[in-house]
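Take a look at the structure below.
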Amino acid sequence: MNQEKIGVYVCHCGTNIAGVVDVEHVAKWAAEKLGRQGVIVARDYKFMCSSLGQELIEKDIKELGLTRVVVAACSPHLHEKTFRTAAKNAGLNPYLVELASIREQVSWVHTDKAVATEKSKAVIAGAVSRVIENRALEEIKVPINPNTLVVGGGIAGIQAALEIANAGFHVYLVEREPSIGGHMAQFDKTFPTLDCSACILTPRMVEAGTHPNITLMTWSEVTNVAGYVGNFHVTVKKKARFINEELCTGCGICEEKCPKKVIDDVFEAGLGYRKAVYAPFAQAVPKFPVMDKENCTYFLKGTCKACEKFCPTGAIDFKQEDQLVHFDVGNIILATGYDLFDARRVSNYGYGRLPNVFTSLEFERLSNAAGPTNGNIVLRDGKSTPKSVGIIHCVGSRDKNFNNYCSVICCMQGLKFAHLVHERTGATVYNFYIDMRTAYKAYDEFYQRVLEEGTLFVRGKVAEVTNAARDEREKGKLIIQVEDTLAGKQRRIPVDMVILSSGLQPRRDSKEVGKQFGISCSTDGWFTEKHPKLDPVATMTEGIYIAGCAQGPKDIPSSVAQGAAASARVLDKILQKEVTLEPIKASINAEKCSGCRICNGLCPFNAIAYIEDDNVSNINPALCQGCGTCVAACPAGAISGTGFSDEQIMAQIDGLLLRTLEGV
Amino acid sequence: MDNNTFEPTIIGFTCNWCSYRAADLAGTARMKYAPNVRLVRLMCSGRLDPTFVLRALAQGADGVMITGCHPGECHYLEQNYKALRRFLLLKRVLAGLGIEAGRVKLVWASAAEGAKFAAETTAFVEEIRKLGPLAWGKDEGGRMKDEESENSSFIIHPSSFEKEVTP
Amino acid sequence: MPQMTDERVRARLTREEDLSLLHEVSMKTAGVSHLEMCIQCGTCGGSCPSAMDMEHTPRMLFAMLRAGMRDEVLRSNTQWICVSCYHCVVRCPQEVHIADVMYTLKGMAIKAKLYQDSTAPDFSQTFVDMVETYGRSFEFGLASRHYLKHFPLRLPGMAPMGLGMIAKGRMGIKPKKIRRMDQLKAILERASQLELTS
Amino acid sequence: MNKYLLYPGCSMESSAKAYMESMNAIMEPLDLRFEEIEDWNCCGATEYLGINLIPAYSLIARNLALASDQIGRMNGMGRTRTVVAPCSACYLNLAKADYYMQERPSLGVKVNEALAAGGLQYKPGTLDVRHLIDILVYDVGLEKIRGSVTRPLHGLKVAPYMGCMLPRPDYQHRWSDHEHPTELDDLLRALGAEVIDYPLTTSCCGGHMTQIGPETAFELIRRLVADADDRGADLMATVCPMCQMNIDAYQNEMNHHFGTDYHMPILFFTQLMGLAFGREPGELGIGMELVNARNALARIGVEVPITQEPSGPRKKDEGLPMPRRWTRHEVRKEAVK
């Protein structure tokens, strides 16, 4: 028999609960049967979460001196905070309140009233037993370092960095490639306005490159992250550029004189060439080129050095080495972007086998005035202009054989391609789609415009692209075989060129990157947000935010919006100067710890350290995320977890099984 | 209502981030499922101490359902894998104690899988119904004495669940 | 407590009247059909090598199943024109077991006697009869019996081919029989009973 | 020595005798041993599945059950889990039955209930069902095959024809690709042949449509033959008795139907292997094809003897169920109607 005074409050939730559960009976039962456990009052009320309902509880706490409260209502994910705040207002430690979910777990999922009422009793008995074991807890406060790390220099990362820098705080912007700009720098036009992509992007790139509050690190990768929200320690590897940035003026003579031509798989999507020493494109930021060690003749054979000979400022430095840079930040934004789906995997579309099948990124470069063909849309032979073009939507997306999700941008991208082909070549254009998804502002209007231009739309997922002609009309062409689902007939449409509107997929290394930063990925590999609706840029790890396509496929406006949203969250944190953490933490009782170190390896956040001198392990509460794995594993029972202690859980089990009714 | 039908009592351990939300979602979507499962919320399936399962079985549960995030989707990165290996060992231990391994079930359910949570729950109730009431450890009168249950909870030292699998 | 069997839960989930046909076809199909997952993209109809001879593309049949159009579906020639090449199956973005659904529809059409042309059902039945008699297929008997009934006018044209096959020793004129025909018969008999109860 | 269980399938004993003979001829150089499943029965082809589900799968599963049994009786080094099916349709049926019995356990339970009536049972997933070419490419290996070549097929242009039922639906993920697999191409190249780019390699030959809807089938055959011809193939190589039969035996009919004049021989890949291994055409069933490969093979210096077509009256006790004359009688009766 314990000394606690417990109040039980059963919510009707209108008819949501009361329609199925006999709430009055349940309250009466709790007062009677759970009295031995310390329940001194049990009430039912129409809406416990209303201010009147809360006042009822507050009043009882004050007047009856309640030391524990159980609210039987909805899921704790909805109103736990409400009732904890009410308790706090009445002077009771908020962590001495428990919610028993009898709506989501009982009244909404069961129909038999008697059964539902019985189950409600068990759920409440569990909560009562548990709450007796609850302990008063204090929130944890940690100071925040005002610097921020932004990983990824695409449009989302640039936006986030600029917002924070403009607010007066320092940002480290780290980019893997030689220049910032990301995929957007590769595009020719942007839908639906057909703005020139470079024209709207480069001013932002320049701003980011010259901003006094931004430390720009390109050709660099984050190699280690330690610490926790407010206090991250970051290590970045600056890969050797073999260019002395102090001396280089970005004149481009080295690139001009370099005799080694290499296929550019990254920026030119394999359609064009670059040199072994290169800046990926004319407006690259920073202006300094990089030397590609794998392909440089000097590195391969020991002679050449043409670049060094011609460099007017002596900026070439073959002896440069990779450099590790360390700095501290308070928050991190990951804007690491996406990879294009590899269309070779859909072998029935023939990419890689049939020369005139192109991917979307290849087409972007083809149609770009600064691209390998100066914006001429031509076939793989480099000269012929197509007279007919088929654009296939949903390549690799919405397909259980590849990626299950909709890649969001492909419909609009396909429409943009149709417009560009039509405008530049006058070719007949076919668009093959499953569903036309043109949601968002001015998108459907663009669809209307492309319809007006005479693009031929076929509703059907293309079955195959083949060069096996069945008759004269098809000879020498690529034949697109498809069911025109609106006509209900199979069609074979011969064209000169096929463009695959490939989907987006997570970066190849997203899982490893997620692990490095301590955030999780969905099964698809996109970074998981804290809440899909109400917290789309935060992650489960405090202090780490995500923006742009790293979180899931999205277009430029959404990426920019997310970059800005993530920076707003970071600014909010910085301005708070300190952060409050949920006190669900594990701690080790040094007396009981035998120093076996079983727990050390179990913690994914490296929160547990072994202290050699004392032969015990110790948990850093700021690093601990409260999962409780170590608590479950400790052979000595030396680790306890606040909020979810062994005592609480065991008591709840006994309560749920109504063992506690039988007395001790 | 058929009074002769055996209605098992089942304790379900859910992860705060996935399966508990799946249960919430099943509720919000008004999906109906068998009422025999009572849930305990943990922060992570990695928190599941095998002794919780033994405790539940000793205290009168006929089956235990453990639910967690899908492999690779753990909110604490990889703790559900630890739950998985504990679960596999636990099944062996139960077999050693003469309890059908089928009385404990591990289910992966993401926060979006309310329907799966409902279906798996109902299916598990059927499975336990087929196995019948758990007679383990009960004296002739019925339930086990409390001292015994305390002892039986600790017949398996928790560390054995880590040691055996830590390379 | 009331009993919540699998069946009761499922019954609630599929109480939509129109889905009963879809559900029936799905339950009668080998493996997990995923029929309810069809998004009407037309990959199947686009992939089909014999679509030009079909009254409905497979996609249309699935829409009709969803609409509960039992007779129209079973009367369609589509399932009989299917050549079981599985192009649609591997390309289907929703992993519908299309080819196996076609087998199911054939079986249902035969039972409902709703096929328009008896050539294909007869061929299948003849084949099955042979197998049930001998345990092995017997190409010569099958082809000749079948052609005799359905393409008598073709026979003179086909005869040289058939003769060629015999001449080259590629067509046994005597059926082979397995040793334990009794065992096979017992199995098939039991299987037929199980078919009726399922 | 690699040892496997063999499920030959009905065709190997009749229309695809050449396949059987050539397969047997390449076993020894490649160190392979097959043990036939005792008393196997027909797999039901594509016909049984369209009548009754449970009997169809029970028919197939009897073979799997017999194979399991037989493996249980094998001992020592010879133990295998693999059943080899040289016919694509048989391969598909056996593999699919094994897979579906796992995917839908209720099917597995019913089929086993039926098998029990014959004193048999089969635990799904305990056997590996594989096609002959899978064994040759992935177990024996192209190196060993290349090493056995004594008469490379240099200068012979071959259209590699995989057909449809081998690479699809491929629930066991055995093939490099469902649309353009390279296994047959690689094997033929190992023999020294010139492999043409043949985009229709996994397109359908018409299957049973030659029997029930010949016009549909003829168009499918035409596409295959015309494309191979267009691309300059001397002959096609196949891995499936049904494909061989349709393209070989019905090519003449197809030509007649469209007014074309294609002459595209189609041989089993094992026949080409046998030739490359130095065997004589007669040992490999070459000459049994109706569209003869004599001219094509002459290009690589292989002389195919003209086979004496057997003639003469049949023995009475081997008499046909329906003599040809009687057939004509039927024809007239039908024509009068």
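Note on naming: letters A, B, ... go to the chains in the order of the sequence lines (proteins, then strands), and numbering restarts at 1 for each one.
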Margin query: Under 4.0 Å between a side-chain nitrogen and a carboxylate oxygen: does that hold for D248(D) and K168(C)?
Written below: no
Check: What pair of heavy atoms forms the shortest contact from A117(D) to R190(C), and how long is it?
Finding: CB-CB, 3.6 Å
Item checked: Rounded distance (nearest 0.5 Å) linking atom OG of S84(C) with atom CG of L92(D) -> 8.0 Å
Item checked: Within the 6.0 Å centroid threshold, strictly below: Y100(D) and H97(C) -> yes
Note to self: Test side-chain contact (heavy atoms from CB on, under 4.5 Å) on F127(C) and C42(D); report intermediate values, then the result.
What the structure shows: CA-CA 10 Å; F127(C) 188 99; C42(D) 171; 3.9 Å; yes
Margin query: Nearest 0.5 angstrom please: S50(C) OG to M209(D) CE, how far?
Written below: 6.0 Å
Note to self: Which heavy atom of A120(C) sits nearest to which heavy atom of I212(D), and what is that distance?
What the structure shows: CB-CD1, 3.4 Å
Check: If you count heavy-atom pairs under 4.5 Å with chain D, which of G164(C), A109(C), S137(C) comes out on top?
Finding: S137(C)
Item checked: Interface residue of largest heavy-atom contact number with chain C, from K17(D), E113(D), M101(D), under 4.5 Å -> E113(D)
Next item on the list: Could you tell me whether the side chain of E253(D) reaches within less than 4.5 Å of the side chain of M161(C), counting heavy atoms only?
Entry: no
Next item on the list: Quick one: sort the F123(C) and H208(D) rings into parallel, tilted or perpendicular, breaks at 30° and 60°.
Entry: perpendicular
Item checked: Heavy-atom proximity to chain C below 4.5 Å, by part of S106(D) -> neither
Next item on the list: Select, from T216(D), V111(D), L107(D), the one with the greatest count of heavy-atom pairs under 4.5 Å involving chain C.
Entry: T216(D)
Item checked: Largest heavy-atom contact set with chain C, pairs under 4.5 Å, which of E215(D), M245(D), R223(D) -> R223(D)
Next item on the list: For each of L105(C), V128(C), T126(C), tally heavy-atom pairs with chain D at distances under 4.5 Å, and name the one with the top tally.
Entry: V128(C)
Check: chain C heavy atoms under 4.5 Å from Q102(D): which part of the residue, side chain, backbone, both or neither?
Finding: neither
Next item on the list: Compare every heavy atom of A114(D) with every heavy atom of L194(C), then report the nearest pair and how far apart it is.
Entry: CD1-N, 3.8 Å
Margin query: As an exercise: rank G50(D), S203(D), G207(D), C205(D) by heavy-atom pairs under 4.5 Å with chain C and give me the winner.
Written below: G50(D)
Next item on the list: Under 4.5 Å heavy-atom distance to chain C, tell me which part of S88(D) shows up: side chain, backbone, both or neither.
Entry: neither
Notebook entry, point to check: Hey, are K177(C) and N41(D) close enough side-chain-wise for a donor-acceptor pair under 3.5 Å?
Noted result: no
Notebook entry, point to check: Do E47(D) and Y103(C) have side-chain atoms, one donor and one acceptor, less than 3.5 Å apart?
Noted result: no
Next item on the list: Using a cut-off of under 4.5 Å on heavy-atom pairs, state which of M108(C), M171(C), E189(C), M165(C) scores highest against chain D.
Entry: M165(C)
Item checked: Side-chain touch E219(D)/M52(C), heavy atoms, less than 4.5 angstrom -> yes
Next item on the list: To the nearest 0.5 angstrom, please state how far the OG atom of S58(D) sits from the CD atom of E195(C).
Entry: 9.0 Å
Checklist line | Distance in Å, M27(C) CE paired with R104(D) CZ, rounded so as to fall on 0.5 Å steps | finding: 5.5 Å
Margin query: Heavy-atom pairs under 4.5 Å with chain D: which of S124(C), G107(C), P121(C) has the most?
Written below: S124(C)
Donor-acceptor contacts, no H, no angles, side chain residues 179-188 of chain C, under 3.5 Å, sequence neighbours left out:
residue	atom	partner	partner atom	Å
Q183(C)	OE1	R62(D)	NE	3.0
Q183(C)	OE1	R62(D)	NH2	2.9
Q183(C)	NE2	G118(D)	O	2.8

Check: Do the non-hydrogen side-chain atoms of Q125(C) and I51(D) ever get within less than 4.5 Å of each other?
Finding: yes
Notebook entry, point to check: Quick one: of G163(D), A116(D), P214(D), G119(D), who has the most non-hydrogen atom pairs under 4.5 Å with chain C?
Noted result: P214(D)
Margin query: Which one wins on heavy-atom pair count under 4.5 Å against chain D: T29(C), I110(C), T119(C), V32(C)?
Written below: V32(C)
Item checked: Selection from N252(D), L220(D), D39(D) maximising heavy-atom pairs under 4.5 Å formed with chain C -> D39(D)
Note to self: Do Y86(C) and P169(D) make a side-chain contact, defined as non-hydrogen atoms from C-beta onward lying under 4.5 Å apart?
What the structure shows: yes
Check: In Å, rounded to the nearest 0.5 Å, how long is the span from CD of Q211(D) to NE2 of H146(C)?
Finding: 6.0 Å
Check: If you count the non-hydrogen atoms of other residues, nucleotides and ligands that lie under 6.0 Å from CD in E72(C), is the total more than 12?
Finding: yes
Checklist line | When D100(C), V131(C), D117(C) are compared by non-hydrogen pairs under 4.5 Å with chain D, the top option | finding: D100(C)
Checklist line | Side-chain heavy atoms of R136(C) within contact of W40(D), under 4.5 Å | finding: yes
Notebook entry, point to check: Is a side-chain donor-acceptor pair under 3.5 Å present for E179(D) with H87(C)?
Noted result: yes
Next item on the list: Decide side-chain contact (heavy atoms from CB on, under 4.5 Å) for V89(C) and R168(D); before the verdict, give the C-alpha distance in whole Å, the side-chain angles of both, and the deciding distance to 0.1 Å.
Entry: CA-CA 8 Å; V89(C) 177; R168(D) 293 188 297 266; over 6 Å; no
Check: Is there a donor-acceptor pair under 3.5 Å between the side chain of R170(C) and the backbone N or O of S15(D)?
Finding: yes
Item checked: Between NZ on residue K111(C) and CG on residue N52(D), distance to nearest 0.5 Å -> 4.0 Å
